Number of protein chains: 2
Amino acid sequence: MGEKITSLDVARLAGVSQSAVSRVFTPGASASKKTIEKVRRAAAELGYRPNVLARAMVSGKSRMIGLVVAYLENYFYPEVVEKLSKALQEQGYHVLIFMASQTAENIDDVVEEILDYQVDGIVAASVAMGSELSARCRAAGVPVVLLNRTQDDERLSAVTSDNVAGGRKVAEYLVAGGHERIGYIAGWEGASTQRDREFGLRVGLEMAGKSLYAREVGDFREARAQEAARRMFAGRDRPDAVFAANDHMAFVVMDVLRYELGLSVPGDVSVIGYDDVPIAAWPAYDLTTVRQSATRMVAETVSILMDLIENPSADPRRIAIDAPFKERGSARKPGRQGQ
Amino acid sequence: MGEKITSLDVARLAGVSQSAVSRVFTPGASASKKTIEKVRRAAAELGYRPNVLARAMVSGKSRMIGLVVAYLENYFYPEVVEKLSKALQEQGYHVLIFMASQTAENIDDVVEEILDYQVDGIVAASVAMGSELSARCRAAGVPVVLLNRTQDDERLSAVTSDNVAGGRKVAEYLVAGGHERIGYIAGWEGASTQRDREFGLRVGLEMAGKSLYAREVGDFREARAQEAARRMFAGRDRPDAVFAANDHMAFVVMDVLRYELGLSVPGDVSVIGYDDVPIAAWPAYDLTTVRQSATRMVAETVSILMDLIENPSADPRRIAIDAPFKERGSARKPGRQGQ
DNA sequence: TATAGAGTTGCATGCGAATGCAATATGAGA
DNA sequence: TCTCATATTGCATTCGCATGCAACTCTATA
């Protein structure tokens, strides 16, 4: 066991030089029909396949993309992982995955580790990068694309949905539905998605001459969202509508309302989320939400990444894809004349 | 941009040889305090970090583990990905992820690609490997561990839960609960988990002098499970209990029963799943199920993998971890004297 | 038939780090 | 202070493949 087949073995069997073998397996290199034939046959006989790592050493291209994810608990991210991985596979790239702890600082260590693997690019999903770190990536010539998060640093590419517009749509819908006391369950305050969605919501409310009635922080985490919901609905004059900064928290909120407090959704309280993860469509939740298409976001991410890899001097791009409102049954619907 | 720092740069700055630098960064190599100090200082100054790929070339160890997953739609797998990735990171390994199409054949291509990256080991979650392929891995000296799936090939290591026992527990619980017409929503027939869970269920029923009342195939897929549930409950004399081969299908079944057919769970029909994914605990489902601990399965997988990597001649191991029954509210509970 | 031009091929080298070996430095014991 | 065992160090080589360069083989044109 363990006898590696190298290009030299193939070369010997085919009666050609090692370079010839290399050229046969290098797209764009020149080789005669006869040589190709001989090499292919020998390679097949020996079961030879080029060593990607060795190839990476000399070419400087590893064809690996580092993916940093903080938590797969929010089912938007498994979707991202799956689709990103598939999309990159189609481009001949593969994904090296790194789980970052929720703790903000650790991301930097993780990125260092990623860089050690000589990845050709990095996708950072739902995590922030220190400016020092992004500088290192730039120095190393490794493009970085933030996914579902933005940062002030203009030199970082980023793909998000249009969170501000999305938040505004929620406000408009709730106002049109005649809600009076609108609460907001915030995500982790450090996240741009959180800030933007809240900002959009507030702007939308203001434009209707209203303002936020209640606000609690759920940090995008299940347990925290649960506590947040309990706090928000503890007193009397409870909100008649809640916008949760993502679907994952919206489910928790619905569960608290229905199963702990015995309230009806949307009868007593309307609930709206953000993301439109698959579960949102399940009838048990039937969650009204804002659709953030993982497919489209991944497609944009891959596109940007490929551009940046091919043309390292290209400008970073920041994209906010359209986030359509998705009406379902968890929020009271505006009357016929509404909206 | 792009000026790579190599060990040679560090060596020059520190006034030592390249080998000295290498030794400082190689655990277990010998170097004097003074040298270590000089090298560390120079490395820090230049921001040097060893190139993992170059290291892999000469050492033959890439410290990468290939992970093959078919679909993240079933939320058991995101858990696996997250925990496996973290556990391996702690061991100094990293995960190269590969999505396999559901189609059975493609897995072989994917494994070839993985091998190209010189991974030190492969974890195949919920996918089967052709015998030819596993032979190649063996020839290449790359250990393979199947996760949540077994195969006849004795030379393959595998970690599953005790699916047969789990299935039997479900049968016993349903019988104890006084159910008369027990249906089964099967998973994909090619999966060992499917076969074992069904086998356990049937054995359990037989031991109680009963047999399966209805059976439909859901293929572990959402859409198929939906159709399966509809078919199963189309006629009169419908089942009074259903065991779905995994939680993911159980949720679909519950939704069909409750929201399409207007039946009560567990009032009219008891539903039991398998896996105990996080959603099973959500009050909207409160699913009675069999607990298959991703944490424990991942721990075993890592342990086997590390053993196999350190000692390539070690025997493959096949482990079925205990799968405790988890009683919740989606199935009628046996009376006090029951069970 | 001679010959420029394009298409092939092999040689030699390099990517960045680990390691066997031999040379040297260090320290302990006498 | 001298000797020998042990710890450090550098040299040179190696991992598997890609690629610049020079030598070479064709083929088409004059």
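The chains referred to below are lettered A, B, ... by the order of the sequence lines, with proteins before strands, and numbering in each begins at 1. These numbers were taken from a predicted model, which means no experiment stands behind them.
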#### Entry: All side chain to side chain contact (heavy atoms under 4.5 Å, CB included) counterparts of A/Asp152, not counting sequence neighbours
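Listed in chain order: nothing, the list is empty.
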Between the protein and nucleotides 19-22 of chain D, which nitrogen or oxygen pairs come in under 3.5 angstrom?
unit_1, atom_1, unit_2, atom_2, d
D/dG20, O6, A/Arg23, NH2, 2.9

### Residue-level proximity of residues 114-122 of chain A to DNA chain D when a heavy atom falls under 4.0 Å
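Heavy-atom cutoff 4.0 Å gives no residues at all.
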#### Entry: For B/Met64 against B/Tyr93, the heavy-atom pair lying closest together
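Shortest heavy-atom contact: N-CD2, 4.1 Å.
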Solution key, residues 117-129 of chain A side-chain donor-acceptor pairs under 3.5 Å, sequence neighbours excluded:
unit_1, atom_1, unit_2, atom_2, d
A/Tyr117, OH, B/Arg63, O, 3.0
A/Asp120, OD1, A/Ser62, N, 3.1
A/Asp120, OD2, A/Ser62, N, 3.3
A/Asp120, OD2, A/Arg63, N, 2.7

Nearest to side-chain heavy atoms of [X], which nucleotide of [options]:
| X | options | answer |
| --- | --- | --- |
| B/Ala54 | C/dT9, C/dA17, D/dC17 | C/dA17 |
| B/Met57 | D/dT9, D/dC15, C/dT9 | D/dC15 |
| A/Ser17 | C/dC11, D/dA18, C/dA17 | C/dC11 |

### Message
My understanding is that only residues two or more places apart in sequence, or in another chain, count here; which of them pass side-chain hydrogen bond (donor to acceptor under 3.5 Å, both in side chains) with A/Arg40?
### Response
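If we apply the side-chain hydrogen bond (donor to acceptor under 3.5 Å, both in side chains) test to A/Arg40, skipping adjacent residues, there are no hits.
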### Query
Looking at B/Ser7, does any N or O in its side chain come under 4.0 Å of the phosphate oxygens OP1/OP2 on C/dG16?
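Answer is no, no contact under 4.0 Å.
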Could you write out each protein N or O paired with an N or O of nucleotides 23-28 of chain C at a distance under 3.5 Å?
none

### Query
Do the charged groups of A/Glu112 and A/Arg136 touch, with an N to O distance under 4.0 Å?
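Judged by the 4.0 Å cut-off on N to carboxylate O distance, A/Glu112 and A/Arg136 do form a salt bridge.
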### Task
Give, for atom CD of A/Gln91 and atom CE of A/Met306, the distance between the pair rounded to the nearest 0.5 Å.
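So the gap between those two atoms works out to 5.5 Å.
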### Query
What nucleic acid atoms does A/Ser30 come within less than 4.0 Å of, heavy atoms only: base, sugar-phosphate, or nothing?
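Base: the residue A/Ser30, judged by heavy atoms under 4.0 Å, touches a nucleobase.
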